[in-house]
Amino acid sequence: MKIKIRKNSFSEVIFFSAYFIYLFFALLRTSFYCRYFEGTIYTAIKLFCIYLLILNEVIKSKLTLKSLRGLFVCGAMYVVIAYNTSFFSDVVMLLAFVYCGRNISFEKIAKITIYTSSSILIFVILSSYAGIINNYIENTEMRRREYLGFRYSLYPAAIIFNITALVLYINRGKIKLRQVLLLLISNFFVFYKTNSRLSFYMAVLMIIIMPLFQKFPKILENSKIFHIGMGLSFIIAAVCSVVLTVIYNPNIEWMKKLNAIFNDRLKFGNRSLMMYGVSILGKRNMEWIGNGLDSAGNKSTETYLWVDNFYISIIQRFGILVSIVIILLLTFTLFKCWKVKNYYLMLILTLIAGHCMIDDLFLYLNYNTFWFVIGSTLMTDKIGIPYKKNKFMIKLKN
């Protein structure tokens with residue numbers, strides 16, 4: 001008897017095994033369950049995932065000019081990012097997964113992410129209400145926030161936003177009313193408990209816009225000005241972020257109001273730029289203090305200073321050079337989507353570009369699955385479709 005296994009199929013099993021393991025623990029690490037595997041154990045888990053990714057590449061045993069070009073870009077970015085963080089940081093893991101997932105269907109990745117992220121989100125929230133882990137409650141004069149078992153209130157908001165974007169994308173053109181209602185209820189619950197209003201508003205905007213363009217597709221398909229605007233959205237958002245943050249002056253009334261709308265993001269971004277500046281290859285000596293809790297539920301007593309703007313964050317942490325490369329890759333991805341008429345993906349990426357002005361969590365793979373689109377764009381002629389099917393077979397003789 002002969003059993004024939006396609007290399008692509010076996011390779012995908014290895015890739016998805018690595019991705020599921022990493023996503024599972026990366027999400028749990030943002031909750032109070034992190035105390036069971038933080039430090040050395042989490043590093044060992046990431047090392048095992050990297051081993052699986054390398055094994056995946058060996059089994060595929062196929063390199064094209066595009067994949068070599070992508071390997072060079074990822075390798076150069078790895079050196080800079082690892083220097084400023086660590087050799088096995090979550091941003092480094094992002095590079096590894098995006099490159100190794102270049103030939104994997106984005107729809108498959110999206111579905112696995114939806115099921116895994118939803119399960120972890122529900123599990124952590126139920127655990128917090130059951131008293132298994134801490135449901136930290138932050139009470140101030142301005143607001144009341146529940147962390148829902150996570151170590152910061154914005155973590156569940158970022159997770160549900162990513163789930164929402166993925167559900168809307170894979171159901172593009174056939175979004176049903178019950179899906180819209182379920183997404184609205186889920187986002188409202190997280191918003192009501194965590195008071196993460198900006199993420200909630202962006203999620204609601206996306207939930208409204210996607211079915212609207214489904215009802216009137218010609219609006220999305222025929223407007224070239226709209227297409228150009230979406231194609232340049234990351235550049236526009238990055239430039240606006242830098243300009244507004246640099247020129248921020250609390251004595252100017254409209255800037256003061258805009259800063260209030262953004263929950264002091266302009267003020268803290270400006271303060272960080274004044275303290276640490278920017279460089280070509282990033283800064284290693286920055287000490288940002290956020291509102292997040294440690295694994296024991298303790299909050300830092302030092303003076304708060306955190307940059308929530310994704311664009312300002314990567315410019316300061318990884319330098320001007322890497323930031324330009326990231327923005328250009330995202331822009332190239334958008335224009336490639338335009339070329340293949342994938343307008344729904346363009347729309348979601350544009351909304352993410354706007355959301356990045358208020359949330360730096362989208363730098364991480366467990367909060368932003370759409371990083372995979374860059375890898376598939378670099379290696380394929382069509383978004384989310386493998387570059388070329390490998391027809392070699394492994395023959396196992398019993």
Side-chain angles (χ1 to χ4, degrees), residues 27 30-32 113-114 116-130 133-169 171 175-212 257-266 268 290-293 299 304 306 308-310 347-348 350-364 366-370:
L27 289 171
T30 65
S31 74
F32 285 110
T113 305
I114 290 170
T116 306
S117 298
S118 300
S119 299
I120 295 295
L121 182 63
I122 294 171
F123 172 69
V124 171
I125 292 174
L126 291 178
S127 296
S128 69
Y129 280 113
I133 57 176
N134 182 23
N135 180 18
Y136 183 86
I137 298 177
E138 176 186 322
N139 281 307
T140 64
E141 295 180 359
M142 300 291 294
R143 60 195 174 191
R144 181 183 186 275
R145 278 181 160 178
E146 292 184 32
Y147 284 27
L148 300 177
F150 291 89
R151 293 190 293 127
Y152 188 41
S153 61
L154 293 184
Y155 293 162
I159 294 171
I160 194 64
F161 183 92
N162 187 47
I163 293 171
T164 300
L166 291 171
V167 169
L168 290 173
Y169 177 69
N171 290 284
I175 303 170
K176 299 178 181 178
L177 180 60
R178 66 172 180 270
Q179 292 172 327
V180 172
L181 292 176
L182 181 60
L183 291 174
L184 284 172
I185 293 170
S186 301
N187 278 275
F188 180 77
F189 171 79
V190 173
F191 159 68
Y192 179 74
K193 293 294 184 179
T194 64
N195 200 17
S196 50
R197 58 185 182 88
L198 293 178
S199 293
F200 173 69
Y201 296 155
M202 290 296 295
V204 170
L205 178 64
M206 182 166 54
I207 293 171
I208 293 174
I209 287 180
M210 288 291 285
L212 182 64
K257 291 180 179 179
L258 185 62
N259 179 61
I261 293 173
F262 286 162
N263 284 342
D264 287 335
R265 283 169 170 79
L266 293 178
F268 290 118
N291 282 326
L293 310 173
K299 183 178 290 190
Y304 177 87
W306 192 267
D308 287 301
N309 186 300
F310 165 81
L347 180 60
I348 288 179
T350 299
L351 292 171
I352 290 176
H355 200 177
C356 283
M357 296 180 71
I358 60 173
D359 198 342
D360 65 317
L361 292 177
F362 285 88
L363 175 63
Y364 303 100
N366 49 312
Y367 298 119
N368 183 12
T369 311
F370 288 89

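One-based numbering along the sequence shown. Values in this document were obtained by computation on a predicted structure and should not be read as measured data. All values below were derived from every heavy atom in this structure, side-chain atoms included, with hydrogens, water molecules and symmetry-related copies excluded.
Residue pairs that meet the side-chain hydrogen bond (donor to acceptor under 3.5 Å, both in side chains) test with at least one member in residues 195-206, sequence neighbours left out, are Thr194-Ser196, Arg197-Asn263, Ser199-His355.
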Which atom pairs, donor and acceptor, lie under 3.5 Å between side-chain atoms of residues 175-184 and protein residues at least two apart or in another chain?
{"unit_1": "Gln179", "atom_1": "OE1", "unit_2": "Lys176", "atom_2": "N", "d": "3.0"}
{"unit_1": "Gln179", "atom_1": "NE2", "unit_2": "Asn171", "atom_2": "OD1", "d": "3.3"}

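Here Ile159 contributes atom CD1 and Ser117 contributes atom OG; the two are 6.5 Å apart, rounded to the nearest 0.5 Å. Here the CG-OG1 distance, from Leu27 to Thr116, works out to 8.0 Å after rounding to the nearest 0.5 Å. Summarising the geometry, atom CG belonging to Leu168 is positioned 6.5 Å from atom OG1 belonging to Thr164; distances are rounded to the nearest 0.5 Å. Taken from CG in Asn162 to CG in Leu121, the straight-line distance is 11.0 Å, to the nearest 0.5 Å. Distance CG/Leu148 to CG/Leu126: 10.5 Å, rounded to 0.5 Å. Atoms CG and CD1, on Asn309 and Ile358 in that order, are 9.5 Å from each other to the nearest 0.5 Å.
Remark: Phe188 pairs with no residue by the ring-ring contact (aromatic ring centres under 6.0 Å, His included) rule, at least two apart or across chains.
A donor-acceptor distance shorter than 3.5 angstrom exists from the side chain of Arg151 to the backbone of Leu293, with no hydrogens or angles considered.
Annotation for Ser153 and Arg145: closest pair OG-NH1, 3.1 Å, computed over non-hydrogen atoms. Nearest approach of Gly290 to Trp306, heavy atoms of both residues: N-CE3, 3.7 Å. Taking each heavy atom of Gly149 and Ile133 in turn, the nearest pair found is O-CD1, 3.6 Å. Looking at every heavy atom in both residues, Arg265 comes nearest to Met357 through CD-O, 4.3 Å. Between Ala158 and Leu361, the shortest heavy-atom contact is CB-CD1, 3.8 Å.
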For this session: Apply side chain to side chain contact (heavy atoms under 4.5 Å, CB included) to the pair Asp359 and Tyr367, showing each step before the final yes or no.
Result: CA-CA 10 Å; Asp359 198 342; Tyr367 298 119; over 6 Å; no

For this session: Take Tyr147 and Phe32, measure what ring pair (Phe, Tyr, Trp, His ring centres under 6.0 Å) needs, and give me the verdict at the end.
Result: CA-CA 10 Å; Tyr147 284 27; Phe32 285 110; 7.9 Å; no

For this session: Could you please spell out the steps behind the side chain to side chain contact (heavy atoms under 4.5 Å, CB included) verdict for Tyr129 and Glu146?
Result: CA-CA 11 Å; Tyr129 280 113; Glu146 292 184 32; 2.7 Å; yes

Exercise. Taking it one step at a time, do Phe370 and Phe362 satisfy ring pair (Phe, Tyr, Trp, His ring centres under 6.0 Å)?
Worked result: CA-CA 9 Å; Phe370 288 89; Phe362 285 88; 9.4 Å; no

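Side chains of Phe150 and Val124 form a contact here, defined as non-hydrogen atoms less than 4.5 Å apart. Between Thr30 and Tyr152 there is no side-chain heavy-atom pair separated by less than 4.5 Å.
Screening Tyr192, Phe191, Phe161 for a ring-ring contact (aromatic ring centres under 6.0 Å, His included) with Phe200, the sole residue that qualifies is Phe191.
Residues Asn259 and Asp264 have side chains that bring a donor and an acceptor to within less than 3.5 angstrom of each other.
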